[in-house]
Amino acid sequence: MIHEPLYLCGTTASGKSACACAIAEKMGGEIINADAFQLYQGLEVLTASPNEHEQSQAPHHLYSQFPLTEKLDAARYEALARPIIAEVQSRGKIPLIVGGSGLYLKFLTHGCAPAPPGDEKIRAELDQLTVDEIYRRLKNLDPEEAARQNSQNRRHLGRALEICLITGSKASDLRKNFAIPENTAHLKGIVLQWPREILANRIAQRTAQMLENGAIEEVKNLPTNSGTVRQAIGVREIEAHLRGELSREECLERITISTRQYAKRQRNWFRREHWLTPIDGSKGLDSILTSLPI
RNA sequence: GGCUCAUUAGCUCAGUUGGUAGAGCAGCGGAUUGAAAAUCCGCGUGUCCUUGGUUCGAAUCCGAGAUGAGCCA
C-alpha cells in the first residue's frame, strides 16, 4: 500500500517537530525535513532542529546533511526529497513532510519550473548594481516580467534578470510555460495555528533557550565562507553581539522580534495554501492526532 | 531649598522666524517557483505633561504646577 505524503506545516515555534514524532509513531511514518536551514549541519540549536530524543522516536531524513558552506536551493531540495519520499513509500510507511519553508514545500507540492539554477558569477555581478539598475536591465530584456515584479525587490528582479541572461530568452515566457497546478485535491496536510500572543511567548522562550544552549557558539564557529546559512535569523544578531555592538539582552530581543516577523510571513504563505487543514496547535497532541485529514 | 535642562506615536527622537505634527524602530496588512529564516510593498488622530494667559491662531511665546535628570547648597 502506497501512502500519500502528509505535509505538516506551521510557523516557527508552532510545535511541528514534536507533532511529527507523535504522528510518525502512531501511524507508522518517517519524517522528511522541509526546512531550508535545518538541512545544514552545524546550526542545530539556532535552527531549532529536532533534538536527539525526537530523532530517536522515528526515522528522520534530510536533517544536518550538508556542510555550512553548501549552497542549497528549493530545486535541489525537491530533487533530494523526491527519492526519499518514494523510498519511504516503498517501505509501506507514510512520508511525513515537516517544515516551515513555504517555497521549498511549494516545489514539492506543485513542481519545479524548468528554469536554470542560480549562477554565482551573475549574482556577484548583480550584487554590485543598485536595484534601479537591475530593474532597468530587466525592463530592457523583458518588460513584461519587469512590470509584474516590484521595482524595489532586488532579489526577485535579480532572479528574473538572471534567467534572461542565462537562457537568452524571457523569464516571462518561461513563466507562461510553467503553470502552477491548481488541482490540489490529492494533497494532504495540516498547518498548526496558535493564538498570536501565545506564539509570541513560545518564540521568546525558545529564543532564550537557544542562547542558553549554544547558539552563540554555533555562530562563533561559522566558517567565513558559509553562504546561504548566514541568512538564518540570529546569525547577524549574534555576530553583532560577539563584536560587542549588542548586549546579550539586546541580542535576545532582536532575534525574538525577527522570529516573530518571520512567523507572520509564514502565516501569510500558508494561508494561501488552501489545501492545508488548519489545526489549533494549542489543543494538544492527542486532539491533533484525531483531527488529521486522513 | 536654589538654578539649569528635559517632557511630542508603544519606544528613541525631529519639529525651521507662532498657522492644530513627522522620521526610525516596534506593531498591523500584503506579495513571493532555484539565495526564501531571504527579499520586497502598503498602513501614522497622537489629551504635543497639566493649567492659566498673550494672540484671529500656541507643540512653538509668557506665568504657575507636575514628573524626571543634572549642577549648586
Side-chain angles (χ1 to χ4, degrees), chain A residues 10-14 16 33-40 43 45-49 66 68-81 99-120 122-124 126-127 131-132 134-135 145 148-163 166-167 171-172 174-181 196-197 200 203 206-207 210 215 219 226-238 246 250 253-273:
Chain A
T11 66
T12 184
S14 62
K16 295 185 293 295
N33 173 38
D35 181 293
F37 288 78
Q38 291 175 357
L39 290 162
Y40 297 94
L43 282 182
V45 176
L46 194 73
T47 59
S49 292
F66 296 90
L68 296 167
T69 49
E70 194 83 15
K71 286 191 173 161
L72 299 163
D73 59 51
R76 269 192 79 188
Y77 166 73
E78 189 217 354
L80 287 162
S101 299
L103 184 68
Y104 282 36
L105 285 157
K106 190 103 186 183
F107 267 61
L108 230 38
T109 56
H110 292 73
C112 167
D119 182 289
E120 293 225 28
I122 291 177
R123 290 184 178 186
L126 295 185
D127 280 344
V131 211
D132 293 333
I134 295 173
Y135 180 69
E145 184 66 14
R148 76 179 288 284
Q149 298 282 356
N150 185 290
S151 65
Q152 291 306 304
N153 193 327
R154 59 161 43 241
R155 270 293 172 83
H156 291 189
L157 292 170
R159 173 60 185 157
L161 179 54
E162 175 183 67
I163 291 172
I166 294 172
T167 64
S172 55
L174 194 142
R175 202 179 281 285
K176 281 172 207 152
N177 293 329
F178 174 70
I180 292 175
R196 191 172 293 213
E197 292 276 298
I203 289 171
R206 194 189 63 183
T207 306
M210 280 177 183
V219 172
S226 60
T228 307
V229 93
R230 292 201 161 264
Q231 299 178 350
I233 291 171
V235 171
R236 286 193 204 84
E237 293 87 345
I238 289 175
L246 286 181
E250 289 167 331
E253 175 70 10
R254 291 294 322 153
I255 296 175
T256 305
I257 289 169
S258 302
T259 308
R260 224 189 285 138
Q261 294 171 332
Y262 170 49
K264 182 171 61 190
R265 276 175 264 135
Q266 289 177 301
R267 222 168 9 239
N268 280 346
W269 190 292
F270 292 133
R271 192 179 294 131
R272 299 168 72 212
E273 302 291 345

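Values in this document were obtained by computation on a predicted structure and should not be read as measured data. Computed from heavy atoms alone, side chains included, the values below leave out hydrogens, waters and symmetry copies. So that the names make sense, note that chain A is the first sequence line, chain B the second, and so on, each numbered from 1.
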(message) Any side-chain N or O of Arg271(A) below 4.0 angstrom from OP1/OP2 of G29(B)?
(response) no

(request) Counting heavy atoms from C-beta on, name the nucleotide in U33(B), G34(B), C40(B) closest to the side chain of Asn150(A). (result) C40(B)

(request) Give, for atom CD of Gln149(A) and atom OG of Ser172(A), the distance between the pair rounded to the nearest 0.5 Å. (result) 10.5 Å

(request) Send over the distance from Phe178(A) CZ to G34(B) P, rounded to a whole Å. (result) 10 Å

(request) Could you tell me the separation between the OG atom of Ser226(A) and the CD atom of Gln231(A), rounded to the nearest 0.5 Å? (result) 10.5 Å

(message) Side chain of Ile163(A), heavy atoms from C-beta onward: which of A37(B), C25(B), G34(B) has the nearest atom to it?
(response) G34(B)

(message) With a cut-off of less than 4.0 Å, is there a side-chain N or O of Arg123(A) near OP1 or OP2 of G34(B)?
(response) no

(request) Please determine, for the side chain of Phe37(A), which listed nucleotide (G30(B), A37(B), G34(B)) has the closest atom? (result) A37(B)

(request) Ignoring the backbone of His156(A), work out which of A37(B), A35(B), A31(B) is nearest its side chain. (result) A31(B)

(message) Nearest to the Tyr104(A) side chain among U39(B), A36(B), U33(B), which nucleotide is it?
(response) A36(B)

(request) Just name whichever nucleotide pairs with A6(B), Watson-Crick or G-U, keeping both distances under 3.5 Å, else none. (result) U67(B)

(request) Check whether any side-chain N or O of Arg196(A) sits under 4.0 Å from OP1 or OP2 of G29(B), and answer yes or no. (result) yes

(request) With a 3.5 angstrom cut-off on both distances, give the Watson-Crick or G-U wobble partner of A23(B), or none if there isn't one. (result) U12(B)

(message) Quick check on G42(B): syn or anti? Syn means the glycosidic torsion is within 90 degrees of zero.
(response) anti

(message) Just to be sure I understand the rule, does Thr47(A) reach a base, reach only the sugar-phosphate, or reach nothing, if contact means heavy atoms closer than 4.0 Å?
(response) base

(message) From C-beta outward on Arg159(A), which listed nucleotide comes closest to its side chain: A36(B), G34(B), C40(B)?
(response) G34(B)

(message) Is there a side-chain contact between Gln261(A) and the phosphate of A26(B), meaning an N or O under 4.0 Å from OP1 or OP2?
(response) yes

(message) Could you check whether Glu162(A) pairs with Arg159(A) (Lys NZ or Arg NE/NH1/NH2 to Asp/Glu carboxylate O, under 4.0 Å)?
(response) yes

(message) Quick one: does any side-chain atom of Gln38(A) pair with a main-chain N or O of Thr47(A) as donor and acceptor, under 3.5 Å?
(response) yes

(message) Looking only at the side chain of Ile180(A) (C-beta and beyond, no hydrogens), which of the listed nucleotides U39(B), U33(B), A26(B) gets closest?
(response) U33(B)

(message) Within the 4.0 Å heavy-atom criterion, would you say Gly158(A) contacts the bases, only the backbone, or no part of the nucleic acid?
(response) nothing

(message) Looking at Ser101(A), I'd like to know whether one of its side-chain N or O atoms comes within less than 4.0 Å of OP1 or OP2 on A37(B).
(response) yes

(message) Using the side-chain heavy atoms of Gln152(A), tell me which of these nucleotides is nearest: A35(B), A37(B), C40(B).
(response) C40(B)

(message) Just N and O in the side chain of Tyr77(A): are any of them under 4.0 Å from OP1 or OP2 of G34(B)?
(response) no

(message) What contact category does Arg260(A) fall into here, base, sugar-phosphate, or nothing, at under 4.0 angstrom with non-hydrogen atoms?
(response) sugar-phosphate

(message) Between G42(B) and C49(B), how many Å separate the two P atoms, rounded to a whole number?
(response) 31 Å

(request) Go through G34(B), U33(B), A37(B) for me and flag the one nearest to the Ala74(A) side chain. (result) G34(B)

(request) Using distance alone, with no hydrogens and no angle criterion, decide if Arg206(A) and Thr12(A) have a side-chain donor and acceptor under 3.5 Å apart. (result) yes

(request) Specify the separation, in whole Å, of atom CD of Glu78(A) and atom C1' of U33(B). (result) 10 Å

(request) With Phe37(A) as reference, evaluate Val235(A), Val229(A), Ile233(A) under the side chain to side chain contact (heavy atoms under 4.5 Å, CB included) test and give the passing residue. (result) Val229(A)

(message) Let's see if you can work this out: which of G30(B), C28(B), G34(B) has an atom nearest to the side-chain heavy atoms of Ala75(A)?
(response) G34(B)

(request) Look through every strand shown and name the nucleotide pairing with C48(B) as Watson-Crick or G-U wobble, where both distances are under 3.5 Å. (result) none

